[in-house]
Amino acid sequence: MRVVMFDKFFHDFYFGIVEKEGYKLILEGLGNTLFISLCALIIGAVLGTVVAIVKISKSKNVFMVLLKLLCSLYTTIIRGTPILVQLLLAHFAIFPAIYKNAPIVLTAIIVFGINSGAYVSEVIRSGILAVDKGQTEAGRTLGLSSFKTMRLIVLPQAIKNILPALGNEFIALIKETSIVAYIGIRDLTRAAQQITGKTYEFFAPYITVSIVYLMIVIGLTQLLGLFERRLRKSDNR
Amino acid sequence: MITVNNLNKFFGKNHVLKNINETIEKGEKVVIVGPSGSGKSTFLRCLNLLEVPTSGEIWFEGFNISSPKTDINLHRRKMGMVFQQFNLFPHLTILKNITLAPVTLGLESEQAANARAKQLLDRIGLTDKATAYPSQLSGGQKQRVAIIRALAMQPDVMLFDEPTSALDPEMVGEVLVVMKELAEAGMTMVVVTHEMGFAREVATRVMFIDEGVILEQNEPKTFFSEPKHPRLVDFLSKVL
């Protein structure tokens, strides 16, 4: 019985992925998934850091107060609405109004980058707040500006502490990109759909792309682990 | 060198410093003593604006540093500070801890800063710890490194906020020795401490603060042998 099941799987796999050239679709999908994820991840990390620092600032400057309000609004709205709705809204309503014929991949990158930034900002904010106040005071008494103190003293310690949580965010981001098929991007998930359209068989294509997603996430986890070990060099434990 | 005019500090409704007027001259070693919660640490932290005064002025080397128009970062370079909890940067090596500020601020090349950091480490006998991280040092070693980290900026005055209070008793001595050497070298120092022996031996002036007011101050001999204010008599009877 079991042998028959495996036999059928390998037959379907061969038929869909090799004979019907599903591997080409998967490779193209993999490229799109990786490209969108990586670009969104970078945008999210930069945006998240900036928003976190703005939210933590105690400045009473009018400009800063307004910026803080804007940042609060941003995290509230982005975290309060589904990413799929944001994607559809951007693709069908916002982009046609401000940038006609925007490449759909660019739309996806921007939507996922902005979305990820909202979550990352809260993670980074918690990391910054967890660094002892004495660290900031020590930096400032040495004559460093608040910006340099943040960049050279507080942020490196914060990032070390939040790396596992940040890893979670990145993993979630990669898997969330599987909804880009809704706006017509041929990502990994879409590739599986297209293969089923050729073979009328669902098991093999979806298992195949699941394994590809899994490989990406395992690779990322390894990379983060390596980075974390380097940062923990100073811990002596 | 430092002049304090009508300094008041509130934490919420709590009036921590009450209209303090004080001058600290170049070369003085002022030791501030007093019960906990008296405002002595807050007073010290006001001197380099770590606490922003609610009202009043702080003048340092001819500049009103409490004015919002002053670039406080420039003046803080000249005011070293040592904390109770050391506050070494745990993610950086000892050498980097010492050279970070002078190099980042462009005061010295990295090579020059490294060379001077090694000299300073040599002075406190910790040359072999240059590449270690703070977590590998004992409390006394950390505090000595914190002192030379402040010295690496070549400050004109050093502020000490209870530098030995977080140390094991047997490590207090090694930190006090470094501070004493610094005093002998002519550094202007303001020290908040509970070490009465240090006050007696090193201070040029001892100041008693209670409930946000400087109740009494004198040169150490008279301060300890002939206290006048009843509150100080009471305090000394408990700590000596």
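This is a predicted model, so every value here is computed, not measured. Just so it is clear: chains get the letters A, B, ... in the order the sequence lines come, proteins before strands, and each one is counted from 1. All heavy atoms count here, side chains included; hydrogens, waters and symmetry mates do not.
More than 12 heavy atoms of other residues, nucleotides or ligands sit less than 6.0 Å from atom CZ of B/R205. Crowding of B/F63 atom CZ: a count of heavy atoms from other residues, nucleotides or ligands under 6.0 Å not exceeding 12. The number of heavy-atom neighbours closer than 6.0 Å to OH of A/Y182, taken from other residues, nucleotides and ligands shown, is 12 or below. Atom CZ of A/R186 has 12 or fewer heavy atoms from other residues, nucleotides or ligands within 6.0 Å. For A/Y206, the OH atom counts as densely surrounded, since its 6.0 Å shell holds more than 12 non-hydrogen atoms of other residues, nucleotides or ligands. Annotation for A/K175: atom NZ does not count as buried by contact number, only 12 or fewer foreign heavy atoms lying within 6.0 Å. Within a 6.0 Å radius of CG in A/N101, other residues, nucleotides and ligands contribute 12 heavy atoms or fewer. A 6.0 Å sphere centred on CE of A/M215 holds no more than 12 heavy atoms belonging to other residues, nucleotides or ligands.
Atom CG of B/L92 sits about 8.0 Å away from atom CD of A/Q157, to the nearest 0.5 Å. Note that the CG atom of A/L152 and the NZ atom of B/K96 stand 9.5 Å from one another [nearest 0.5 Å]. Taken from CD in A/E137 to CE in B/M81, the straight-line distance is 7.5 Å, to the nearest 0.5 Å. Between the CG atom in B/L100 and the CD1 atom in A/I153 there is a gap of 5.5 Å [rounded to 0.5 Å].
Interface residue B/R149: backbone and side-chain heavy atoms are both found under 4.5 Å from chain A. Residue contact with chain A, scored on non-hydrogen atoms closer than 4.5 Å, is absent for B/L74. Contacts between B/M79 and chain A at a heavy-atom distance below 4.5 Å involve the backbone alone (N, CA, C, O). For chain A, the nearby part of B/F83 is the side chain; its heavy atoms alone come within less than 4.5 Å.
The backbone N or O of B/L88 sits less than 3.5 Å from a side-chain atom of A/Q135, completing a donor-acceptor pair.
Two residues are said to be in side-chain contact when any heavy atoms from C-beta on lie closer than 4.5 Å; A/L142 and B/L105 fail this criterion. Side-chain atoms of B/L159 and A/T141, non-hydrogen and from C-beta on, never get closer than 4.5 Å to each other.
Under 3.5 Å, the side chains of A/R140 and B/N73 contain a donor-acceptor pair of N or O atoms.
Residue with the most contacts toward chain B among A/A138, A/S146, A/P156: A/A138 (heavy-atom pairs, distance under 4.5 Å).
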